[in-house]
Structures are given as structure tokens and as C-alpha cells.
Amino acid sequence: MLAELTPALITEVQRAAQLLKSKSRICILTGAGISAESGIPTFRDKQTGLWENYGVEDLATPEAFTRDPKLVWSWYQWRRQLVADKAPNPAHHALAQWQYHAQTSDQTVTLITQNVDDLHEQAGSSVTHLHGHLWRNRCGQCNAPYQEQSSAASDHQDTMSVNTRLDMSFDNTLLTCPHCGGYIRPNIVWFGEALPVQAWQSAEEAAANCEVFISIGTSSLVYPAAGLAQLAKQNGAQVMEINPNPTPNTIIDITFAEKAGLILPPLIEAITDL
């Protein structure tokens with residue numbers, strides 16, 4: 001695995017591994033970059049095809065759903081179809097391996113994501129979602145969970161098989177809530193909406209108590225998630241960033257300007273001695 005890296009990177013990975021092996025509380029935040037390595041377009045990518053004349057902000061706000069629920073629902077059904085066949089990449093698998101190893105060591109590895117896909121779960125990780133779940137739905141009026149669209153998934157099983165997804169119709173027909181008659185919407189945090197209280201509290205607690213905070217595939221400057229890195233730093237943690245396009249940030253102690261799929265497998269291999 002290390003053979004794929006330059007000598008300079010090998011040295012940096014080994015140094016980072018030694019640091020991480022010596023710490024017991026690790027907090028990791030992942031963003032769109034790690035999913036992009038699996039072929040999932042980032043949220044900021046230009047829309048294509050039928051959607052090229054729409055801005056993401058026009059399709060991912062409560063106001064847009066109120067104005068034209070069919071348009072917003074159709075876009076999310078298109079997004080679901082776009083990612084239905086996507087699978088975890090080496091970075092996802094490495095993080096899952098680290099969490100599995102931590103169960104029998106003295107480490108706590110807390111994983112938080114800004115992504116709405118379930119690639120972390122597919123790889124076997126336990127993860128807190130800050131921005132919701134693409135494959136879950138809820139009522140836009142009474143907020144009750146809606147199970148039909150994601151009937152293969154449950155609160156205890158956050159992922160469904162690729163074959164199940166590929167068999168889905170991705171129908172654009174609006175669904176209504178059996179409790180109040182309101183329109184069903186994706187269970188995703190839209191622009192202008194607050195992050196889920198429990199998820200954000202868990203993230204803040206993990207960041208405040210960690211010894212090393214690792215930001216992967218996301219800018220360390222975009223709020224509110226950027227506040228987690230600052231919170232960790234203020235409480236004495238070292239901050240690491242893995243991002244091909246690292247952001248200039250004075251709180252970062254260690255930077256890997258590379259894809260997560262290149263850095264994480266050898267890093268985790270060195271940490272776990274596997």
C-alpha cells in the first residue's frame with residue numbers, strides 16, 4: 001500500500017500514524033470529497049441534463065418545496081437514481097476498518113459526516129449524519145417518518161442493497177402522509193433549516209473531547225461544521241486535514257493534499273498494524 005506513495009508522503013503518513021496510535025479519542029468529519037471518489041457528484045457541481053437551468057439552492061430549500069413540491073421531489077428522485085449503483089471506496093473501507101479495530105483497543109473513533117449518502121454504512125461504519133439521509137423520507141408537514149420509499153431500510157438498518165435500489169422505480173409521483181395528508185419530502189437538511197439537534201450535539205461533544213480531529217474531503221472553513229474543528233482545537237486537539245484542495249487555515253496542524261482513498265488505507269493499516 002505504501003508503495004503507491006512518494007517517499008515524502010510515506011514519511012508523513014508514518015508520522016501521522018504514530019500520532020494517532022498514541023491517542024485514545026479521535027473525531028472524524030467527512031464531506032463531499034470522500035463521496036466524490038465513489039463517483040457521486042458534489043453538491044456544488046453544475047447540474048446536468050434536465051436540471052442544468054436550475055441552481056441547487058432553487059431545489060433544496062423549504063420555500064422551493066412549498067412553491068413546487070413536484071419539481072423538488074423529481075430532482076431528489078433523479079439524485080437517488082444517480083447514486084443508486086455507487087459503492088464505498090477504499091477510504092470508506094479504511095475508516096470502517098479503523099472503527100472495527102477500535103472496538104478491541106483503547107481508542108474511540110467517532111465518525112461524523114456531512115454527506116447524505118450511506119456509503120459509510122455500506123462499508124460497515126457507525127456514523128452520525130449532520131445533513132440527513134438521502135434514502136429516508138418524512139412528511140413535510142408533520143415530520144412523521146415515511147417508510148414506503150425506503151421500505152428496505154429501517155431505523156436499525158440504514159442501508160439497502162444496490163440490487164434493491166436498482167430495482168426501484170424512482171417514480172416522480174408525489175406521495176402523501178398517511179397521518180396528515182402532507183406531501184412527503186426527503187429527510188435531508190435543506191438550506192435555511194437547522195441541523196438535527198441530537199446529531200449536532202453528538203458531533204459537538206465528540207469534537208470537544210477528542211485528542212485529534214480529522215477533516216476529510218471538506219473545507220475547514222464552511223460553517224456550521226467548520227466550527228467542530230475550531231472547537232476541537234480550542235480544547236487542545238490536533239487538527240488534521242485530508243483534502244486534494246486544502247483550505248488555508250491556521251488551525252490545521254497536519255495537511256495531506258491528496259485524495260482520501262490514497263492516504264487513508266496506508267494510514268489506517270499503519271495505525272492498526274494489520
Could you tell me whether the side chain of [Y] reaches within less than 4.5 Å of the side chain of [X], counting heavy atoms only?
X	Y	value
I263	I216	no
H133	D118	no
I28	T113	no
T176	I184	no
L134	V83	yes
L82	P41	yes
L175	W73	yes

Look only at the side chain of [X] and the backbone of [Y], and say whether a donor-acceptor pair between them is shorter than 3.5 Å.
X	Y	value
N209	E205	yes
R25	T108	no
N115	A32	yes
S35	G31	no
D273	E269	no

### Set of salt bridge (charged side-chain N to carboxylate O under 4.0 Å, His left out) partners for E37, sequence neighbours left out
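Partners of E37 under the salt bridge (charged side-chain N to carboxylate O under 4.0 Å, His left out) test: none.
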### Query
What's the verdict on side chain to side chain donor-acceptor pair (under 3.5 Å) for Q97 and T272, showing C-alpha distance, side-chain angles and the deciding distance?
CA-CA 9 Å; Q97 183 183 49; T272 58; 4.7 Å; no
Give, for atom [atom1] of [X] and atom [atom2] of [Y], the distance between the pair rounded to the nearest 0.5 Å.
X	Y	atom1	atom2	value
L5	L267	CG	CG	10.0 Å
C177	N137	SG	CG	11.5 Å
I112	L29	CD1	CG	6.0 Å
L228	C27	CG	SG	6.5 Å
E12	T6	CD	OG1	9.0 Å

How far apart are the closest heavy atoms of [X] and [Y], and which atoms are they?
X	Y	answer
L119	A87	CD2-C, 3.8 Å
L174	Y183	CD1-CE2, 3.7 Å
P88	A123	CG-N, 3.8 Å
S125	L95	OG-C, 3.9 Å
W98	I268	CE3-CD1, 3.3 Å

### Message
Exactly one of E121, Q114, H120 should register a side chain to side chain donor-acceptor pair (under 3.5 Å) with H129. Which one does?
### Response
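Between H129 and the candidates, side chain to side chain donor-acceptor pair (under 3.5 Å) is satisfied uniquely by E121.
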Under the side-chain contact (heavy atoms from CB on, under 4.5 Å) rule, collect the residues that match up with [X], sequence neighbours excluded.
X	answer
S105	H101, A102, Q107
N187	R136, R138
P196	V189, A199
Q201	V197

### Query
Taking atom types as modelled and ignoring hydrogens, do the side chains of R15 and Q18 form a donor-acceptor contact shorter than 3.5 angstrom?
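No, no side-chain donor-acceptor pair sits under 3.5 Å.
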### Message
Is it true that S126 and Q99 share a donor-acceptor pair across their side chains at a distance under 3.5 Å?
### Response
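No, no side-chain donor-acceptor contact under 3.5 Å.
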For [X], check side-chain hydrogen bond (donor to acceptor under 3.5 Å, both in side chains) against everything at least two apart and list the hits.
X	answer
N89	S38, H92
S24	E211
K23	none
S22	none

Name the atoms and distances for all side-chain donor-acceptor pairs under 3.5 Å in residues 251-258, with sequence neighbours left out.
unit_1: D253; atom_1: OD1; unit_2: K233; atom_2: NZ; d: 2.7
unit_1: D253; atom_1: OD2; unit_2: K233; atom_2: NZ; d: 2.7
unit_1: D253; atom_1: OD2; unit_2: V239; atom_2: N; d: 2.8

#### Entry: ILVMFWY network linking V127 to Y100, side-chain heavy atoms under 4.5 angstrom
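Each belongs to a different hydrophobic cluster.
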### Task
Check whether L231 and M240 end up in the same hydrophobic cluster, where Ile, Leu, Val, Met, Phe, Trp and Tyr are linked by side-chain heavy atoms less than 4.5 Å apart.
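Not linked; separate clusters.
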### Task
Mind jotting down which residue pairs meet the salt bridge (Lys or Arg N to Asp or Glu O under 4.0 Å) criterion with at least one end in residues 174-203? Sequence neighbours excluded, please.
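Every salt bridge (Lys or Arg N to Asp or Glu O under 4.0 Å) pair that includes a residue of residues 174-203, provided the two are not neighbours, is R185-E193.
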### Task
Kindly indicate, with the supporting measurements, whether the criterion side chain to side chain donor-acceptor pair (under 3.5 Å) is fulfilled by T128 and S202.
CA-CA 8 Å; T128 295; S202 297; 5.2 Å; no
### Query
Taking the six-membered ring of W78, is NZ or CZ of R80 closer than 6.0 Å to its centre and within 45° of its axis?
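No; the conditions do not both hold, so R80 does not lie above the ring face of W78.
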Which atom pairs, one a donor and one an acceptor, fall under 3.5 Å between side chains of residues 59-68 and the rest of the protein, sequence neighbours left out?
unit_1: T61; atom_1: OG1; unit_2: A64; atom_2: N; d: 2.9
unit_1: T66; atom_1: OG1; unit_2: P62; atom_2: O; d: 3.1
unit_1: D68; atom_1: OD1; unit_2: L71; atom_2: N; d: 3.1

